[in-house]
Amino acid sequence: MQVSQEDFEKAQEQLKLLKKDPGNETKLKLYALFKQATEGPCNSPKPGMLDFVKKAKWDAWNSLGNLSQDNAKQQYTELVSSLLSAESSDRKKDASPEESTHDGYETIQVTTKNNITKIMFNRPDKKNAINHKMYREIIKALEEAGKDDSTIAVITGNGDYYSSGNDLNNFTNVQPSEMEKMAKDGAVLLKEFVGHFIDFPKPLVAVVNGPAIGICVTVLGLCDIVYASDRATFHSPFSQLGQSPEGCSSYLFPKIMGLAKANEVLLFNKKLTAAEACAQGLVTEVFPDRTFQKEVWARLEAYASLPKNSLAVSKQLLRSMEKEKLHAVNSKECEVLKERWLSDECINAIVSFFQKKSKL
Ligand SMILES: CCCCCC/C=C/C(=O)SCCNC(=O)CCNC(=O)[C@H](O)C(C)(C)COP(=O)(O)OP(=O)(O)OC[C@H]1O[C@@H](n2cnc3c(N)ncnc32)[C@H](O)[C@@H]1OP(=O)(O)O
């Protein structure tokens, strides 16, 4: 398709809008095409060898031979248009923020992009079981995410599990004389961990990519939104492990699900499917696993473009009604658990897990 004189003139104007220097080679090409389009083939005498600039221009024009003026106009117009569109896509790339990775974590991966700080459990070969180091790293990541520029924070898991909960190795290799100390230190760490969920100052979203067990199920009640893949399951097998509920679930689960349903989950180890957890109010929405990541992240990016401060004050307002109560529940639950960890029921359950007798 031939370009009109008007298109050719428009291209000359558009060329002036280019922000970046397109480089000497392209500039020579533009010069040559312009001369060919407006004057026809090069007939002027060849400049001397030492007149580098004029010679380069002459060579470029002369290289077009007998290219017709219409063809030259067309090539000129096309070249300008391709330069402009390349520059505009570069600008778009620059405008879309890169993901930044937060340093200093081993058991989790923390990244920020599009106003979202993502805290990802990252022990996929251990089904993202939470060991002592990971509890401390999650606490640190929540502290940082609470203060950084992100609008919302997201917790998710790497691999096929969301998390298999407390790493049962946390209770192993402890000498009998050290048991009390282990239980006391465990209760302090757990209280601090859950406390950070209670106090988190901006919207906190759980993206439950697969099965979830124990502590990572109970703290879902402290998250503001829970999105789940239809592959996810929710299991808090506390009595099976000789333990008792934590993460404020003894208070929040009956509030969320009603006492009758919460009892099945917290007393009798009932494992919920994602659909059941959604029907009982623990999960906000369930997505097909095939499209889970795409749909959820598109949704979260839209949420994260809402006014940040408004979201934070609203979240804090909602939480403020219950904060004191939640901290009291957390303290009580940790006290009870401290005792449970010293019980034969609990010790036997852990031993039997490692003897591979009691896979849940
Ligand atoms: C500071 C202390 C605070 C305590 C807070 C109180 C918290 C309570 C809870 O969270 S209770 C819940 C505890 N979790 C469990 O009881 C789950 C135990 N794990 C399992 O039942 C299974 O591993 C499984 C169902 C999650 C997965 O089964 P399967 O698909 O057959 O895989 P594997 O069992 O082979 O697991 C692969 C690999 O991961 C290790 N692993 C998985 N989960 C845990 C875990 N919770 N603790 C320790 N290790 C775990 C498993 O041993 C395998 O390791 P290996 O490859 O053999 O080295």
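As the structure lists them, so they are numbered: ligands from 1, and atoms in each ligand from 1. These values consider heavy atoms only, across backbone and side chains, with no hydrogens, waters or symmetry-generated copies. Model, not experiment: these values are computed from the prediction.
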**Fill in**
So the atoms of ligand 1 within less than 4.0 Å of a heavy atom of A129 turn out to be 44 (C), 45 (C), 46 (N), 47 (N)
**Nearest option to atom 6 (C) of ligand 1, as decided by whichever heavy atom of R136, R123, M182, E246 sits closest** = E246
**Request:** Could you tell me whether some N/O pair between N166 and ligand 1 is separated by less than 3.5 angstrom?
**Result:** yes
**Message:** Is there a side-chain contact between V207 and F292 in this structure, where contact means two heavy atoms from C-beta onward sitting under 4.5 Å apart?
**Reply:** yes
**Prompt:** Polar-atom distance check: Q243 versus ligand 1, any N or O pair below 3.5 Å?
**Reply:** no
**Message:** Side chains of D148 and H102 only: does a donor on one sit below 3.5 Å from an acceptor on the other?
**Reply:** no
**Request:** To the nearest 0.5 Å, tell me how far L142 CG sits from I119 CD1.
**Result:** 4.5 Å
**Request:** Consider every N or O of S164 and every N or O of ligand 1, then say whether any pair is closer than 3.5 Å.
**Result:** yes
**Message:** Would G165 count as being in polar contact with ligand 1, using the rule that some N or O on each side must be under 3.5 angstrom apart?
**Reply:** no
**Prompt:** Considering only heavy atoms from C-beta outward, does the side chain of L326 approach that of Y251 to under 4.5 Å?
**Reply:** yes
**Message:** Within the 4.5 Å heavy-atom criterion, are C248 and V194 side-chain neighbours or not?
**Reply:** yes
**Prompt:** Counting each atom of ligand 1 from 1 as listed, which ones have a heavy atom of Y135 under 4.0 Å away?
**Reply:** 1 (C), 3 (C), 4 (C), 5 (C)
**Message:** Heavy-atom pairs closer than 4.0 Å: do any link ligand 1 to the side chain of D125, the backbone, both, or neither?
**Reply:** backbone
**Message:** Counting only heavy atoms closer than 4.0 Å, does ligand 1 sit against the backbone of L190, its side chain, both, or neither?
**Reply:** side chain
**Proximity flag Y161 to ligand 1, non-hydrogen atoms under 4.0 Å** = yes
**Request:** Check whether the side chains of T273 and T233 place a donor and an acceptor atom closer than 3.5 Å, and report yes or no.
**Result:** no
**cation_pi(K271, F234) dist<6.0 Å, angle<=45** = no
